Number of protein chains: 2
Amino acid sequence: MLNGGSVPKRVTIDDVARHAGVHKATVSRALNAHTQVQVNAETAERVRAAARELGYVPNFVARGLRLNHSMTVGVIIPDVANPIFPPIMRGIEECLQPRGYTALLANTDGQSAVEDAAFHSLLQRRVDGFIVATGRLDDQPVIAGAFGDGVPVVMVNRWAGSAPYPVVTADNERGIRAAVEHLHELGHRRIAHLAGPANFSTTHQRAEAFSAVTASMAGVAASVVQAGALSAEAGATAMDELLARQGSSRPTAVIAANDLVALGAIRSLRAHGLRCPEDVSIVGYNDMPFAADFWPALTTVRIPLREIGLQGARMLLDAIEAGHQEPATVTLPVTLVVRGSTAIASS
Amino acid sequence: MLNGGSVPKRVTIDDVARHAGVHKATVSRALNAHTQVQVNAETAERVRAAARELGYVPNFVARGLRLNHSMTVGVIIPDVANPIFPPIMRGIEECLQPRGYTALLANTDGQSAVEDAAFHSLLQRRVDGFIVATGRLDDQPVIAGAFGDGVPVVMVNRWAGSAPYPVVTADNERGIRAAVEHLHELGHRRIAHLAGPANFSTTHQRAEAFSAVTASMAGVAASVVQAGALSAEAGATAMDELLARQGSSRPTAVIAANDLVALGAIRSLRAHGLRCPEDVSIVGYNDMPFAADFWPALTTVRIPLREIGLQGARMLLDAIEAGHQEPATVTLPVTLVVRGSTAIASS
DNA sequence: CTGAAAGCGCTAACAC
DNA sequence: GTGTTAGCGCTTTCAG
């Protein structure tokens, strides 16, 4: 049996004090970089030695209670298993770790109830701030409520409709424009958009941009079909619908709301005996990990996932440390990555 | 400006007590499911009303300090962006959340120094236990040291050499056996293994199993080449080496240490003008997300990632709540998933 | 430069 | 059924 029943009592600052023959206040001062100067060099050394010998591990929760912070931030995402989030989280961690913070993670599966519960749970744990990736344009009263609690929040990737939080996102308008222009240059004139849910800021903007950009191009016939979700299944269904409805004036190219939807569209094409890119070109969005290993390798708009996380975390920590935050919006640049799923229009 | 400079003072249990006209101890009792019975029903209702009106959020860190637990577990993984970990984390969360725990996440990139720092940082935050996925067969003194601290640890997927911790993993021997038998049935007689690092328990076992299984099969010529890491790049390099070295007696099938290595092997094949599966069959390991969307769709050994996380978390929480743990090993079953990357041997 | 004392927000004896 | 008291482990005035 490991740890047979009784946990060995953890060593506290008092133990170290006793062992070094000083008062615990002196130990505290000696061990904190900030206050180290206040204590005699050799006393400090004696304290450090005592701490080492006893295997002292400072208790951050006690310290946090006293100092009113937890050095902890809550990260709320829909689903770690959605491939765009891991890179964002890496970016977040990259910023947090050297600054002494750690992330408390919560998945919500996009369900409001779970989201509220997670938010509340993290609030109870006194996280110093939130990074939320579950923004929806329709109301999110609970998240919006953090505003009143004075806990800083930054939105990443998507933003919320109601709450005036800072957000770091990528440039949807330019991404879509690049995709449309790429297809246009390849000779495509009938282009469709497999749009994502209208209550995500990202997919909403992409759909708007698609309409705006195609409307301004002479000779381009644009159509939009709605995908019910940002999944391959929904993408396949939407593509089925497009293929059924269009008859002879079928589009020769489609821009999907994201890579998962694009993946579904490719499956649908295959199921209909059509080839990508020979019969229909497809462009995705996000450049999710392994997008280059699909068949065909996906042409897609790359968004700087890691950078979004990094900047979001940086903005949050700055706000935490400053004690207030400004509702800034930072929009990061995107780039079109041309691979095998787009080709010259055949018809 | 949001939260203009001064954070609104958080409401405490004392505020609620004052507002409800009772003592804070009564508030505590009224609000804790456990002790609710001790208080008069209408007093309790008055307290709840007061809490609601004031927007009281219990402070878990204060409570944790008093109760000596944090309702928090540390999850140490090499890299969230490695596709096998998100499903494991989902499994972990699935168990943690309903039981009131939340996960503190740390990535280590497989570097011992980072790992030690993460471990220490989580220890300072007084996590109630650890789930570690970074096991290595060679020594990990810091992780092993947790043993002495009396903090429960469970290893998931990989295990460590030195520390006697419980572990939940998948059956490597059977997985490799299934892969070899599948290839044998397809007529392959020259089979190679692209082995992973020998200091991971998983890839070590797979390599051992490969040798054992092929040795017991008449007429099978087996060879092993070492991949330097579990990445597509390392897989491609290893495959290059295999292709260069084998000359005319080139293997007709290869079993990779994992899907990433398999992906690299496929790229190498393509670079050499060889086709998969027509010229060489490839089987991966893990059935990582999107393995079915690669080209060709990967035949691979599926390991129950989510289940590994789920069970690992369950074992940990049980140990935390019991106050001690037994060094159990649970080995979960695997299944071979046959897709497009394996075919009948052509030569 | 160091010690004494107070208190962060909470819960658990212990009274009554 | 409810109030009083003490104290979890730490940092920070305030004295000296």
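It should be emphasised that the depicted structure is a prediction, and the values quoted were computed from it without experimental measurement.
Here the nucleotide nearest the side chain of Lys24(B), chosen from dT2(C), dG9(D), dA6(D), is dA6(D). Of the candidate nucleotides dA4(C), dG9(D), dG3(D), dG3(D) has the atom lying nearest to any side-chain atom of Ala25(B).
Mapping Val61(B) and Thr35(B) onto DNA chain C by nearest heavy atom places Val61(B) closer to the 5' end of the strand. A residue-by-residue look at Ala44(B) and Asn68(B) shows that Ala44(B) has its nearest nucleotide of DNA chain D further toward the 5' end.
If you take CD1 on Ile76(B) and CG on Leu105(B), they are separated by 9.5 Å, rounding to the nearest 0.5 Å. If you take OG1 on Thr134(B) and CZ on Phe200(B), they are separated by 9.0 Å, rounding to the nearest 0.5 Å.
In this structure, the ring of Phe130(A) has its center no less than 6.0 angstrom from the ring center of Tyr165(A).
Leu65(A) comes within 4.0 angstrom of a base, heavy atoms only.
When rounded to the nearest whole Å, the span between CD of Gln38(B) and C1' of dA13(C) equals 11 Å. Distance Leu67(B) CG to dC8(D) P: 13 Å, rounded to the nearest Å. Ile13(B) places its CD1 atom 17 Å from the P atom of dT5(D), with the value rounded to the nearest Å. For the pair Arg18(A) CZ and dG9(D) P, the interatomic distance rounds to 11 Å; values are reported in whole Å. Between Asp15(B) atom CG and dC10(C) atom C1' the separation is 13 Å, expressed in whole Å. At whole-Å resolution of the value, NE2 in His23(A) and C1' in dA5(C) are 8 Å apart. Between Asp14(B) atom CG and dT4(D) atom P the separation is 12 Å, expressed in whole Å. If you take OH of Tyr56(A) and P of dG9(D), they are 10 Å apart, rounded to a whole angstrom.
Between the base of dG3(D) and the side chain of Arg29(B) there is a donor-acceptor pair shorter than 3.5 Å.
In this structure, Thr26(B) reaches the dG3(D) phosphate: one of its side-chain N or O atoms is under 4.0 Å from OP1 or OP2. Listed pair Thr43(A) / dT2(C) meets the phosphate criterion, a side-chain N or O lying under 4.0 Å from OP1 or OP2.
Here the options are Val27(A), Val39(A), Val16(A), the test is side-chain contact (heavy atoms from CB on, under 4.5 Å), and the partner is Val22(A); only Val27(A) passes.
Under 3.5 Å, the side chains of Arg63(B) and Asn32(B) contain a donor-acceptor pair of N or O atoms.
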